[in-house]
Q: 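Dropping the structure in here first, questions after.
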Amino acid sequence: MSAIIYHNPKCFKSRTTLAILEQKNVDFEIIKYLENPPSSNELKQLLSDLNLEARSLMRKGEPEYKEQGLDDEALTENQLVNAMVKTPKLIQRPIVRTSKGVAIGRPPENILPIL
């Protein structure tokens, strides 16, 4: 089994999720999404695979969410996706993709069904 983890090393839940992958002997690729954000198309694919709308993947508690006016309900999916591409700090973390699916590691145990 192999996996991709969209990882923020400063995030406790992201580090815990990474530890689960290591404990389960999963081969994985780390994408430090703050340094290498997903493209708009990649993010749309993740949203589709997660069966989520863009706003559901956003970290609404980040100052940038309010500063960029992202709480405006009139914003389109594309506008929200573009905001996450431009400001990847707004993306919930970690996200893990395996051949069995995609999951957000909040809590980290959420990834167990796709391992």
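Please read these numbers as outputs of a predicted model, since none were measured by experiment.
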Q: Indicate, with yes or no, if Tyr33 and Ile30 share a hydrophobic cluster defined by side-chain heavy-atom contacts under 4.5 Å among Ile, Leu, Val, Met, Phe, Trp and Tyr.
A: no

Q: Who are the side-chain contact (heavy atoms from CB on, under 4.5 Å) partners of Glu35, not counting sequence neighbours?
A: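 Only Lys32 meet the side-chain contact (heavy atoms from CB on, under 4.5 Å) criterion with Glu35.
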
Q: When you measure from the side chain of Ser39 to the backbone N and O of Glu42, does any donor-acceptor pair fall under 3.5 Å?
A: yes

Q: Tell me, which pairs form a salt bridge (Lys or Arg N to Asp or Glu O under 4.0 Å) where one or both residues lie in residues 3-17, sequence neighbours left out?
A: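 As it turns out, there is no salt bridge (Lys or Arg N to Asp or Glu O under 4.0 Å) pair with a partner in residues 3-17 once direct neighbours are skipped.
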
Q: Report the C-alpha separation of Ile91 and Tyr6 in whole Å, then their side-chain angles, then the decisive distance to 0.1 Å, and conclude whether the side-chain contact (heavy atoms from CB on, under 4.5 Å) test is met.
A: CA-CA 10 Å; Ile91 302 171; Tyr6 292 84; over 6 Å; no

Q: Answer with yes or no whether the hydrophobic clustering places Leu90 together with Leu75; edges join I, L, V, M, F, W, Y residues whose side-chain heavy atoms lie under 4.5 Å apart.
A: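 Linked within one cluster.
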
Q: Donor-acceptor pairs are to be reported for all side-chain atoms of residues 101-115 against protein atoms at under 3.5 Å, with residues two or more places apart or in another chain.
A:
| residue | atom | partner | partner atom | Å |
| --- | --- | --- | --- | --- |
| Arg106 | NE | Gln92 | OE1 | 3.2 |
| Arg106 | NH1 | Arg93 | O | 3.3 |
| Asn110 | ND2 | Ile104 | O | 3.3 |
| Asn110 | ND2 | Arg106 | O | 2.8 |

Q: With sequence neighbours excluded, what pairs up with Lys66 under the side chain to side chain donor-acceptor pair (under 3.5 Å) test?
A: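 Residues passing side chain to side chain donor-acceptor pair (under 3.5 Å) with Lys66: Asp71.
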
Q: List for me each residue that meets side-chain contact (heavy atoms from CB on, under 4.5 Å) alongside Pro37, sequence neighbours excluded, and say none if there are none.
A: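 Once residues adjacent in sequence are excluded, the partners of Pro37 under the side-chain contact (heavy atoms from CB on, under 4.5 Å) criterion are Pro88.
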
Q: Is there a donor-acceptor contact under 3.5 Å linking the side chains of Glu29 and Ser2?
A: no

Q: Ser14: which residues meet the side chain to side chain donor-acceptor pair (under 3.5 Å) condition with it, sequence neighbours left out?
A: His7

Q: Are any of the side-chain heavy atoms of Asn82 and Ser40 separated by less than 4.5 Å?
A: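 They are in side-chain contact.
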
Q: Sequence neighbours left out, what passes side chain to side chain donor-acceptor pair (under 3.5 Å) with Thr98? Give chain and number order.
A: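 Thr98 satisfies side chain to side chain donor-acceptor pair (under 3.5 Å) with no residue once adjacent residues are dropped.
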
Q: Could you tell me which residues satisfy side chain to side chain donor-acceptor pair (under 3.5 Å) with Gln79, sequence neighbours excluded, listed by chain and number?
A: Thr76

Q: Do Val96 and Ile4 come within less than 4.5 Å of each other through their side chains, counting heavy atoms only?
A: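 With C-beta onward as the side chain, the pair stays apart.
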
Q: With rounding to the nearest 0.5 angstrom, report the CD1 to CZ distance, Ile20 to Phe28.
A: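 Here the rounded value is 11.5 Å.
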
Q: Using residues 43-61 as the side-chain source, report each donor-acceptor pair under 3.5 Å to any protein atom, sequence neighbours left out, with the distance given to one decimal.
A:
| residue | atom | partner | partner atom | Å |
| --- | --- | --- | --- | --- |
| Lys44 | NZ | Asn78 | OD1 | 2.8 |
| Gln45 | NE2 | Asp49 | OD1 | 2.8 |
| Gln45 | NE2 | Asp49 | OD2 | 3.4 |
| Asp49 | OD2 | Arg97 | NH1 | 2.8 |
| Asp49 | OD2 | Arg97 | NH2 | 2.8 |
| Arg55 | NH1 | Tyr65 | OH | 2.9 |
| Arg55 | NH1 | Leu70 | O | 2.4 |
| Arg55 | NH2 | Asp72 | O | 3.1 |
| Arg59 | NE | Glu62 | OE2 | 3.1 |
| Arg59 | NH2 | Glu62 | OE2 | 3.1 |
| Lys60 | NZ | Arg55 | O | 2.8 |

Q: Among residues two or more places apart or on two chains, list those pairs meeting side chain to side chain donor-acceptor pair (under 3.5 Å) that have a residue in residues 16-28.
A: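 Non-adjacent pairs meeting side chain to side chain donor-acceptor pair (under 3.5 Å): zero.
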
Q: Can you name the residues that form a side-chain contact (heavy atoms from CB on, under 4.5 Å) with Pro63, not counting sequence neighbours?
A: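 side-chain contact (heavy atoms from CB on, under 4.5 Å) check on Pro63 returns Glu67.
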
